[in-house]
Amino acid sequence: MLTTAPRGTRDILPEEAAQWQYVESNIRQCCLLYGYGEIRPPLFEHTELFLRSVGETTDIVEKEMYTFRDRGGRNITLRPEATASTVRAYLEHNLYAGPQPVKMYYLGPMFRYDRPQAGRYRQFSQFGIEAIGTQDPTMDAEVISVALDFYCRLGLTGLEVQLNSIGCPKCRQDYRQALLNYLSQHRGQLCRTCLSRLDRNPLRVLDCKEEGCQAITADAPRMLTYLCSECDEHFKAVQECLQSIEAHYVINPALVRGLDYYTKTVFEIVWPGLGAQAAICGGGRYDGLIEECGGPSTPAVGFAMGLDRVLLAIQKAGAAVPAAKTPLAYVVALSAADNQEAFRILTRLRRADIISDKDYRQTSLRAQLKAADRSRARYAVLVGGIERTQGMVAVRNMTTGEQHEIPLDQLITFLQEGR
RNA sequence: GUGAAUGUAGCUCAGUUGGUUAGAGCACCAGAUUGUGGCUCUGGGGGUCGCGGGUUCGAAUCCCGUCAUUCACCCCA
């Protein structure tokens, strides 16, 4: 226990962290380009916020939340997603009073008590964006476009955008009733979990993978034919926007999504190489959520993207990640008596912004050079011997093996010119 | 939450029907080379066989529990 991270958590060690930093820097560039400002909400919130926003009957709320009472007796939950926090912050800081829409992004860990497997963790990282304050279909298209541009920057290809509209509360209610009537007639052929879905959330029967259920839902009424004129027009406009920017998508009428707050546009982006956990990004419009949380009626749209899965995908796809920066110089002490002088020179190099290192083991010249080689430093700087008495160091080019003495006071200039 | 598979050195894996001191390759450290890395050779360190219990004269091997990982279901990111 003492030497094992809790189930579903893991350490990201320096080698992998470099890949994360690369991905994160692309996120920040992308958001800058599209005009999204960063929001850093707390990692935990009042439990009530998630109950209200995510929905009481969702899997997240029913079985996946890390909930506890703090020492002051407050009911607290580690955030399972960040849209709720973003909306809360929008209201808490009266952002609706400023220019609309408010476009924000977030980046960081989320927590869900779920059974871990490849691409699924109890602490996982999401990048998400939210555009609050407009129902313009170009906003929906922009949100999808941000995700696609981001994948493009990473060199990730072979993604599929699945798109659907689940309407507004008005037309969805009509559809829900029609679907319920239809499914009730075929009650006997539904699987056990779908039977329980019937009263709670019949739309979810649509994406059941059981063969029997699929046979029935194949002929079920379609949401898209029940959309009211406003929702229908909006959905068509979103599609036209996507087509106009050559963003490819497929319509998946079975796409429902597991959170209660979605309205109109919903989408998922899938990278098939990830197997069972192939959904790499999911999002949609949530025109009712802000009001539900006690604010003015305000439309909004956003997505959340699983970065652990993005990392898995670029690793599996072999997408290029820039090579880690290696030291320019590796300082070597010829004898133990030169160790302190080597350290002094090393410090001067670092103060001159030269990436550099040394061996800290007080070991043989041979071992130090081996370490220099392994650090993939461009030069080894050898300190000691007669050179030291002459105010010189030996600089060895680790690629060519060439070596020559240069005066200590010219070392920094030499290294700066050499890079 | 349900079902299944797996767990031996830092990594990848051997380990016979239960039988003496549990092995290999790679990696690591040192020497060959007393002021010079990569290649080669030689040597060395490193294991509570995931953990706990049971069966047995004897368990890495068989049984039970537990923890972890992976896969499927569920769900999503």
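A, B, ... follow the sequence lines: proteins, then strands. Residue 1 opens every chain.
Aromatic ring centres of A:Y175 and A:Y226 lie closer together than 6.0 Å. For A:F44 and A:F111, the gap between ring centers reaches or exceeds 6.0 Å. Checked against the 6.0 Å centroid threshold, A:F303 and A:F127 count as a close aromatic pair.
Residue A:R115 places none of its side-chain N or O atoms closer than 4.0 Å to OP1 or OP2 of B:G1. The side chain of A:Q368 places no N or O atom within less than 4.0 Å of a non-bridging phosphate oxygen (OP1 or OP2) of B:G37. Residue A:R374 has a polar side-chain atom (N or O) positioned under 4.0 Å from OP1 or OP2 of B:C28. Regarding contacts with the backbone of B:U69, a side-chain N or O of A:R7 is found under 4.0 angstrom from either OP1 or OP2.
Which of B:A77, B:U70, B:A72 sits closest to the side chain of A:A118 comes down to B:U70. Counting only heavy atoms from C-beta on, A:A367 has its side chain closest to B:A30 among B:A30, B:C76, B:U36. The side chain of A:L365 approaches B:U36 more closely than any other nucleotide in the set B:G37, B:U36, B:A72. The nucleotide whose nearest atom lies closest to any side-chain atom of A:D373 is, among B:C74, B:G38, B:A77, B:G38. With B:C29, B:C74, B:A77 as the choices, the nucleotide that has an atom nearest any side-chain atom of A:Q117 turns out to be B:C74. In the set B:A30, B:A77, B:C74, the nucleotide with an atom closest to the side chain of A:K63 is B:C74.
The NZ atom of A:K358 sits 19 Å away from the P atom of B:G37 (whole-angstrom rounding). If you take CG of A:D114 and C1' of B:G1, they are 10 Å apart, rounded to a whole angstrom. For the pair A:L312 CG and B:U69 C1', the computed distance is 14 Å after rounding to whole Å. In this structure, A:Q277 atom CD and B:C74 atom C1' are separated by 10 Å, rounded to whole Å. Rounded to a whole Å, the CZ atom of A:F111 is 16 Å from the P atom of B:A77. Atom CG in A:L13 sits roughly 14 Å away from atom C1' in B:C11 (whole-Å rounding). In this structure, NZ of A:K370 is placed 9 Å from C1' of B:A30, rounded to the nearest angstrom.
Using a 4.0 Å heavy-atom cutoff across all strands shown, A:A304 reaches sugar-phosphate atoms only and no base atom. Across all strands, A:S125 comes closer than 4.0 Å to no nucleic acid atom at all (heavy-atom distances). Contact annotation for A:I386: base contact, defined as any heavy-atom pair under 4.0 Å involving a base atom. A:G128 comes within contact range of no nucleotide atom at all, as no heavy-atom separation falls under 4.0 Å.
The cationic atom of A:K358 (NZ for Lys, CZ for Arg) lies less than 6.0 Å from the six-membered ring centre of A:Y360 and within 45° of the ring axis.
No side-chain heavy atom of A:V395 sits less than 4.5 Å from a side-chain heavy atom of A:Q403.
Side-chain polar atoms of A:E45 and A:S85 form a donor-acceptor pair below 3.5 angstrom.
Contacts with RNA chain B (heavy atom under 4.0 Å) in residues 387-408 of chain A: A:E387, A:R396, A:M398, A:T399, A:G401, A:Q403, listed by number.
Salt-bridge formation is detected for the pair A:E16/A:R10: a Lys NZ or Arg NE/NH1/NH2 atom is positioned less than 4.0 Å from an Asp or Glu carboxylate oxygen. One finds a salt bridge joining A:K103 and A:E142 here, because a Lys/Arg side-chain nitrogen approaches an Asp/Glu carboxylate oxygen to under 4.0 Å. Of the charged side-chain nitrogens involved, at least one lies within less than 4.0 Å of a carboxylate oxygen, so that A:R285 and A:D140 count as a salt-bridged pair.
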Self-check item: RNA chain B base-pair string [pairs: Watson-Crick or G-U under 3.5 Å; |: paired with another strand]
Solution: (((((((..((((.....[...)))).(((((.......))))).....(((((..]....))))))))))))....
